Amino acid sequence: MKVVVDGHELDLPAGTSAIDAVFAAGRDVPYFCAHSYLSPVGACRMCLIESGSPRKNPDGTFVMEGEGDAAKPKIFWFPKPMAACTMQATEGMHIRTAATSEVVAKSQAGMMEFTLLNHPLDCPTCDKGGACELQDRAFEYGYGASRFGFDRRHADKHYPLSDFIILDQERCIHCKRCVRYFEEVPGQEVLDFIERGGHTFIDTEEGGLPVGFQGNIADICPVGALLDNVARFRGRNWEYDHNPTTCTLCPVGCSITVDARNGRLERIVAGENREVNEAWICDAGRFGHGFASEGRLTGPLVRVNGELRETTWDDAIAAMRQGLAYTNPADLGLYLGSDSTLEEGVALEALAGLLGTRSVDHWPRYPVGVNAPAATMTDVATADAVVILGADLGEEAPVLELRVMEMLRGGIIPPEFPHGTAIADLRLVERPARHPERLAVIGPDSRLAGHAGIRVTVERASGGDLLGALLNPRTDEARAVLKLLTDAKQPVVILGADVLNSPSGAFATQISDLAMRTGAKVLAIPAGPNSNGLSHLNLVPRMGGLGYARLSDAPAAFISRLDPGKRARGFTVVHDTHLTDTARLADVVLPAVTNYEKRGTIVNLEGRLLPLRQSALNAGEAADLTRTLAALAEALGVRTKVRGLKSAQALLRERLGVNVENLPESGVIQSLGQRHEAPTGLRHTPNLWTERMVPKPNPSSDPRHLTIDPRWELPMAGQPGGDD
């Protein structure tokens, strides 16, 4: 398809919107309401262009202008500028932007003046200042001055839509992104326009916004109307150190940007990864970061006369050397959390091999893996049937729930252009038709079960019962689920904790047979953020070793970022970010960094290798597991081959055959070979929001707590007006 933009001809795929044609040509057009993953509605009227197309005669030939060889199809221009986000580019279309059309430039400047008619100029105090699309576009496309001298409309500036989201009603420009987001992405029609014309405002029903994915509206609001209440008034956009990395609160591995200021983690916003989270993250990933800057351990502690006292790393190493002097190194238990990176895991495996210890484990994990064609997040979104077996996605992998909702509305994934994901995909529509008949849920009640066309209620019991309900259906609903899988062309089966916690002996064979019979791909949700990656390292109890469940029987133990609330029989070393219950029982406590402060690699539920990048947080003398294990090795009088990130990555190349040094932010899927499995002796209960993640009240975000210094008040003569 040939399209001409400002005189430049380019080839574009059929179905491309006019706004994407403009950006594909390297030109620019302002917009506020369009968003890559929402339906285009043309609400803001800023993406105006002049457009024209050739017209055909009744005989099918083009209407021509000019004579002889100079003749060419005549372009018939629309009489007025059109919104580019709702217009589809067609063969031979000509487009003029503000760069070549005075009409477009004047129209856009007029729309900008209209938008700013009632928008308060809060830029010096607005949290969105420096990242505001309206601010940028007003500078680029506005008149530069207002002709209105009257007072602006006033409304509530601190209107809480929920505990997490504050609405400044004066700043809202009615782009409708937030309303469309709730309708189209999580399928929750909880926000809408109230009243009409100049009195229009957005609001939600009594009870506020549902917790789950509400924070995304703070990201997509193009102005400072919807604000993250956890990060509100914490800093200005240009003051933050922006660090793109990967979220490790659940196994999805969403792309996020960590914003830090003065060594504190102040804000997390969603990053775009088309293959994983598109542009959305869950509320836990966005708001549950307070622990990274609150109550941190910043130095080692050693127990002296029954009390933990602050000390140096050298003295902590000396204390470990003394405490472990009479312990056989092979009896030392090594246990780590499943959000540890691959680099940390291979470092622990190397030390375990050096010491000859058999008591190695990571937690949480499930006792069995799945050997069936693995589904990706995109496979889930584009499937024609999804069966969820024993999973509560809201607790285990929230963003996976959004990809299932995407499947229900047709699995439309916006195309990708050199300028990025399509800005306006015309296949996306408001209030999309959904296909609940494509979704079946077997297991206990969950948020997603309300969207399922087939529901098989099985009480939370052993996994064999849940899988048995599918393999040996005894009810009409269960038979309908099996028929749904059998009839589908691209089915996906999602397995959750209720199935994976207590598998029968034939579980792996049954899942493989089911996949073979139905052609389904299987997505087993791991227990921990990096359980998938760590399972490919030999980090499970070896013959005669003590697993995590029997930690208290170990003669001595090193425990990294786990809080079982008990210690080993003998000398115990804890490596953690906070003084947990387990740390209070330890003989030596070593400060750890959070995953926001690490460089390394994790493997998400799809098997995708994703990078972690280090944020500028103040963690004192805290160290990651790799360097801490080097200190432990020094105390034990051995020299481990992994003493830092580079040596860990070199060992990963040797051990798993992967190069993780320069992973793209979107990650790569690569086979890691054999998995290591062992019984756990424990049942894992997914719990996304832990106690330490619950945000503490932020007094600075409550205007009632603001202290006003009378010296800072400006003298005002009467009521403010004009550009107030």
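All values below come from the heavy atoms of this structure, side chains included, with hydrogens, waters and symmetry mates left out. Quick caveat: nothing in here was measured; it's all calculated off a predicted structure.
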Rounded to the nearest 0.5 Å, what's the gap from [atom1] on [X] to [atom2] on [Y]? Could you check?
{"X": "L612", "Y": "D624", "atom1": "CG", "atom2": "CG", "result": "11.0 Å"}
{"X": "L539", "Y": "H362", "atom1": "CG", "atom2": "NE2", "result": "6.5 Å"}
{"X": "T626", "Y": "L351", "atom1": "OG1", "atom2": "CG", "result": "11.0 Å"}
{"X": "I511", "Y": "L470", "atom1": "CD1", "atom2": "CG", "result": "8.0 Å"}
{"X": "L336", "Y": "T628", "atom1": "CG", "atom2": "OG1", "result": "12.0 Å"}
{"X": "S531", "Y": "I525", "atom1": "OG", "atom2": "CD1", "result": "12.0 Å"}

Determine whether more than 12 heavy atoms belonging to other residues, nucleotides or ligands lie under 6.0 Å from atom [atom1] of [X].
{"X": "E661", "atom1": "CD", "value": "yes"}
{"X": "K566", "atom1": "NZ", "value": "yes"}
{"X": "R599", "atom1": "CZ", "value": "no"}
{"X": "N538", "atom1": "CG", "value": "yes"}
{"X": "E621", "atom1": "CD", "value": "yes"}

Exercise for the section: Mind running side chain to side chain contact (heavy atoms under 4.5 Å, CB included) on T245 and I256 for me, showing each step along the way? Expected result: CA-CA 6 Å; T245 184; I256 58 172; 3.9 Å; yes
Problem - From Y548, W363, Y335, residue fulfilling side chain to side chain contact (heavy atoms under 4.5 Å, CB included) relative to P564 - result: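 Single side chain to side chain contact (heavy atoms under 4.5 Å, CB included) partner of P564 among Y548, W363, Y335: Y548.
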Donor-acceptor check, side chain of [X] to backbone of [Y], threshold 3.5 angstrom: yes or no?
{"X": "S359", "Y": "L546", "answer": "yes"}
{"X": "D241", "Y": "A260", "answer": "no"}
{"X": "R692", "Y": "G290", "answer": "no"}
{"X": "R403", "Y": "T376", "answer": "no"}
{"X": "Q322", "Y": "A318", "answer": "no"}
{"X": "N530", "Y": "S340", "answer": "yes"}
{"X": "N662", "Y": "P664", "answer": "no"}
{"X": "D259", "Y": "E266", "answer": "no"}
{"X": "R303", "Y": "R584", "answer": "yes"}
{"X": "S338", "Y": "P364", "answer": "yes"}

Considering non-hydrogen atoms only, spot the tightest contact between [X] and [Y] and give its length.
{"X": "G369", "Y": "F507", "result": "O-CE2, 4.4 Å"}
{"X": "V493", "Y": "A520", "result": "CG2-CB, 4.0 Å"}
{"X": "L332", "Y": "A557", "result": "CD1-N, 3.6 Å"}
{"X": "V540", "Y": "A678", "result": "CB-CB, 3.9 Å"}
{"X": "V276", "Y": "V399", "result": "O-CG1, 4.2 Å"}
{"X": "S560", "Y": "L625", "result": "OG-CD1, 3.6 Å"}

Ionic contact status for [Y] with [X], cut-off 4.0 Å:
{"X": "R286", "Y": "D228", "value": "no"}
{"X": "E294", "Y": "R264", "value": "yes"}
{"X": "D587", "Y": "R567", "value": "yes"}
{"X": "D498", "Y": "R683", "value": "yes"}
{"X": "R561", "Y": "E344", "value": "no"}

Taking side chain as C-beta onward, heavy atoms only, is [X] less than 4.5 Å from [Y]?
{"X": "L609", "Y": "V603", "result": "yes"}
{"X": "V588", "Y": "T311", "result": "no"}
{"X": "D513", "Y": "L471", "result": "no"}
{"X": "T594", "Y": "L265", "result": "no"}
{"X": "M377", "Y": "L605", "result": "yes"}
{"X": "Y596", "Y": "N243", "result": "no"}
{"X": "D315", "Y": "V302", "result": "no"}
{"X": "H676", "Y": "V360", "result": "no"}

Problem - Evaluation steps, side chain to side chain contact (heavy atoms under 4.5 Å, CB included), between L562 and T582 - result: CA-CA 8 Å; L562 287 168; T582 306; over 6 Å; no
Handout entry: Non-neighbouring partners of A648 that pass side chain to side chain contact (heavy atoms under 4.5 Å, CB included), sequence neighbours left out
Key =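 Listed in chain order: E343, V346, V642.
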Problem - All salt bridge (charged side-chain N to carboxylate O under 4.0 Å, His left out) counterparts of E634, not counting sequence neighbours - result: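 Salt bridge (charged side-chain N to carboxylate O under 4.0 Å, His left out) list for E634, sorted by chain: empty.
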Problem - Donor + acceptor pair across side chains of S512, N371 (<3.5 Å) - result: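 On atom types as modelled, these side chains do not qualify, holding no pair under 3.5 Å.
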Practice task
Please assess R608 against N273 for the test side-chain hydrogen bond (donor to acceptor under 3.5 Å, both in side chains), listing each intermediate value before the final yes or no.
Solution key: CA-CA 12 Å; R608 185 182 302 274; N273 186 342; 5.5 Å; no
Practice task
Could you please spell out the steps behind the side chain to side chain contact (heavy atoms under 4.5 Å, CB included) verdict for T246 and N604?
Solution key: CA-CA 10 Å; T246 302; N604 79 344; over 6 Å; no
Practice task
Tell me, with the steps shown, if V589 and D576 meet side chain to side chain contact (heavy atoms under 4.5 Å, CB included).
Solution key: CA-CA 7 Å; V589 181; D576 213 321; 5.7 Å; no
